[in-house]
Amino acid sequence: ENREDCNDVILLVPCGEVFKVSCLVNLKVDDKCDSKLMWHKYNVHPRFKYLVAQNLIARLQLATLHIATSSQIRDPLFGVTGEERAMDLVRQCWGTKPLSSMEQEKLNNAKRLCQGIYPALALLCQDVELSSQRMHFLYLSTHQKGHIATGCDEGSAYLVRQINQPIIPRRMLTPSEEKRILGICARGRYLYRALEPSYEIEPCPINNDDIGAIQNVLDGLLFDHKAGISTISHKFPMETQLGESFLESEMMGELKESWDAHTKLPLKGLGTYDTHIFCNLLDDAINLQNKAEAYLLEHLNNIPGR
């Protein structure tokens with residue numbers, strides 16, 4: 001790393017809720033004597049001189065500060081207003097995993113500051129929140145309920161602003177964002193928008209206990225084989241190749257660990273059983289499958305079309 005590319009200027013900002021009363025901006029922190037005060041560290045970009053956040057929480061905290069201190073006059077250092085800079089920061093917060101509780105608090109703080117004032121920015125915050133909510137099914141069990149996004153009806157205000165005010169590209173959503181959030185492109189001459197209420201999907205009627213009940217019955221039919229752990233060598237069937245990327249090698253390593261864990265399991269034998277047990281288990285599995293299919297079809301059919 002070249003020394004000329006580094007910058008020794010570091011800004012420390014306490015972690016807390018940003019709020020604005022009249023023209024005064026304040027940062028609310030826990031003032032108890034035994035409380036632990038957290039700080040965000042920001043580096044100054046060596047060329048463009050803007051603050052660089054180290055993680056998502058710090059980026060959202062910086063966005064809330066830009067929102068609270070924004071005005072119609074551009075910042076002489078950045079050349080943009082606080083609203084425009086905050087929009088760039090919020091766009092950088094989009095990810096492929098659910099937001100943590102602290103990240104969600106920071107995003108809610110940003111939404112409260114910009115709703116009713118900066119409609120495009122409020123819609124971007126809503127888009128990040130909804131995108132995060134859609135990733136919950138990858139990280140939660142079927143019986144766990146994830147975060148429910150709060151409503152945001154800034155779309156009409158955004159469209160009215162595009163018609164009645166001069167168009168400023170930095171304060172507009174991109175065409176893909178408008179299509180995804182509003183359902184239409186706001187760059188047309190005539191704008192028509194039908195407001196649809198947010199559609200909330202109920203939790204899946206099938207949970208881990210239903211699947212576990214069937215698995216417990218199947219496990220009860222097995223017994224440990226006298227031979228114990230298998231001594232037969234089962235070689236990993238997929239050979240690694242040279243020149244693999246980091247992602248490929250990491251994925252191959254996980255597959256090999258899973259293969260080794262499977263081959264080292266103790267041998268199991270099937271004891272005496274009643275044929276009616278498997279018939280009953282098959283009926284239970286088919287019943288759960290029908291419930292899942294009915295659940296999916298019901299909610300898919302209830303989604304309003306455009």
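Under the 3.5 Å distance criterion, the side-chain polar atoms of Asp127 are left unmatched by any main-chain donor or acceptor of Leu123. Of the possible polar contacts, one joining the Lys106 side chain to the Gly16 backbone as a donor-acceptor pair under 3.5 Å is found. A donor-acceptor pair is defined here as one N or O able to donate and one able to accept, closer than 3.5 Å; such a pair exists between the side chain of Thr69 and the backbone of Leu65. Of the possible polar contacts, none joining the Asp210 side chain to the Ile206 backbone as a donor-acceptor pair under 3.5 Å is found. In this structure, Glu103 contributes its side chain and Ser100 its backbone to a donor-acceptor pair below 3.5 Å. For Glu17 (side chain) and Asn109 (main-chain N/O), no donor-acceptor pair under 3.5 Å exists by modelled atom type. In this structure, the side chain of Glu177 engages the main chain of Thr174 through a donor-acceptor pair within 3.5 Å.
No hydrogens or angles considered: nothing links the side chains of Lys41 and Gln54 as a donor-acceptor pair under 3.5 Å. Using modelled atom types and a 3.5 Å distance limit, the side chains of Asp88 and Gln92 yield no donor-acceptor pair. Using modelled atom types and a 3.5 Å distance limit, the side chains of Gln289 and Glu293 yield a donor-acceptor pair.
One finds the CD atom of Gln126 at 9.5 Å from the OG atom of Ser131 (value rounded to the nearest 0.5 Å). Note that SG of Cys204 and NZ of Lys291 are 10.0 Å apart. Values are rounded to the nearest 0.5 Å. With values rounded to the nearest 0.5 angstrom, Leu51 atom CG is found 11.5 Å from Lys49 atom NZ. For the atom pair Ser101 OG and Glu105 CD, the distance stands at 6.0 Å (nearest 0.5 Å). To the nearest 0.5 angstrom, Leu113 atom CG is 8.5 Å from Lys20 atom NZ. Taking OG of Ser132 as the start and CD of Gln104 as the end, the distance is 6.5 Å to the nearest 0.5 Å.
Between Pro14 and Val29 the shortest heavy-atom distance is CB-CG1, 4.2 Å. Between Gly116 and Glu154, the shortest heavy-atom distance links the atoms N-OE2, 3.2 Å. When all heavy atoms of Ala120 and Met87 are compared, the pair lying nearest together is CB-CE, 3.9 Å. Minimum heavy-atom separation, Ala58 to Tyr42: O-OH, 2.6 Å. The two residues Cys125 and Val90 make their nearest non-hydrogen contact at N-CG1, 4.1 Å. Smallest separation of non-hydrogen atoms from Ala122 and Gln115: CB-CG, 4.0 Å.
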**Request:** Decide side chain to side chain contact (heavy atoms under 4.5 Å, CB included) for Glu257 and Trp259; before the verdict, give the C-alpha distance in whole Å, the side-chain angles of both, and the deciding distance to 0.1 Å.
**Result:** CA-CA 5 Å; Glu257 290 179 2; Trp259 175 265; over 6 Å; no

**Asked** Given the rule in the side chain to side chain contact (heavy atoms under 4.5 Å, CB included) test, do Trp39 and Val13 qualify, once you have shown the distances and angles that lead to the verdict?
**Response** CA-CA 6 Å; Trp39 297 79; Val13 177; 5.7 Å; no

**Message:** Could you walk me through whether Leu60 and Cys93 satisfy the side chain to side chain contact (heavy atoms under 4.5 Å, CB included) test, starting with their C-alpha distance in whole Å, then the side-chain angles of each, then the deciding distance to 0.1 Å, before giving a yes or no?
**Reply:** CA-CA 8 Å; Leu60 288 171; Cys93 296; 3.5 Å; yes

**Prompt:** Does the side chain to side chain contact (heavy atoms under 4.5 Å, CB included) test come out yes or no for Leu11 and Val44, once each step is laid out?
**Reply:** CA-CA 8 Å; Leu11 177 65; Val44 178; 5.7 Å; no

**Derivation and outcome, salt bridge (Lys or Arg N to Asp or Glu O under 4.0 Å), residues Asp260 and Lys264** = CA-CA 6 Å; Asp260 293 339; Lys264 293 178 181 178; 5.5 Å; no

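Grouping Ile, Leu, Val, Met, Phe, Trp and Tyr residues whose side-chain heavy atoms lie under 4.5 Å apart, directly or via other members, places Met38 in a hydrophobic cluster with Ile57, Met102. Chaining together hydrophobic side chains whose heavy atoms lie under 4.5 Å apart places Leu77 alongside Phe48, Tyr50, Val52, Phe78, Val80.
Using a 4.5 Å heavy-atom cutoff, the side chains of Leu130 and Arg134 are in contact. You'll find the side chain of Thr64 stays beyond 4.5 Å of the side chain of Arg112, heavy atoms only. Side-chain contact check for Gln215 versus Asp219: some heavy-atom pair is nearer than 4.5 Å. The shortest side-chain heavy-atom distance between Leu124 and Arg91 falls under the 4.5 Å cut-off. Side chains of Tyr158 and Leu173 form a contact here, defined as non-hydrogen atoms less than 4.5 Å apart. Using a 4.5 Å cut-off on side-chain heavy atoms (C-beta onward), Lys111 and Glu129 make contact. Looking at Cys15 and Gln61, their side chains come closer than 4.5 Å, going by heavy atoms from C-beta outward. Phe278 places a side-chain heavy atom less than 4.5 Å from the side chain of Leu218.
No single ILVMFWY cluster, assembled from side-chain heavy atoms under 4.5 Å apart, contains both Trp94 and Leu99. Linking Ile, Leu, Val, Met, Phe, Trp and Tyr residues whenever their side-chain heavy atoms come within less than 4.5 Å places Val25 and Leu27 in a single cluster. Under the 4.5 Å side-chain heavy-atom criterion for ILVMFWY residues, a single connected hydrophobic cluster contains both Ile277 and Ile214. Clustering ILVMFWY residues whenever any of their side-chain heavy atoms sit less than 4.5 angstrom apart, transitively, puts Leu62 in a cluster other than the one holding Phe19. Following chains of ILVMFWY side-chain contacts shorter than 4.5 Å, one can reach Leu121 starting from Ile117, so the two form part of one hydrophobic cluster.
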Please tabulate, for side-chain N and O atoms in residues 281-288, each donor-acceptor pair with protein atoms closer than 3.5 Å (sequence neighbours left out).
none

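The only option from Arg74, Arg170, Arg161 that meets the salt bridge (charged side-chain N to carboxylate O under 4.0 Å, His left out) definition with Glu83 turns out to be Arg161.
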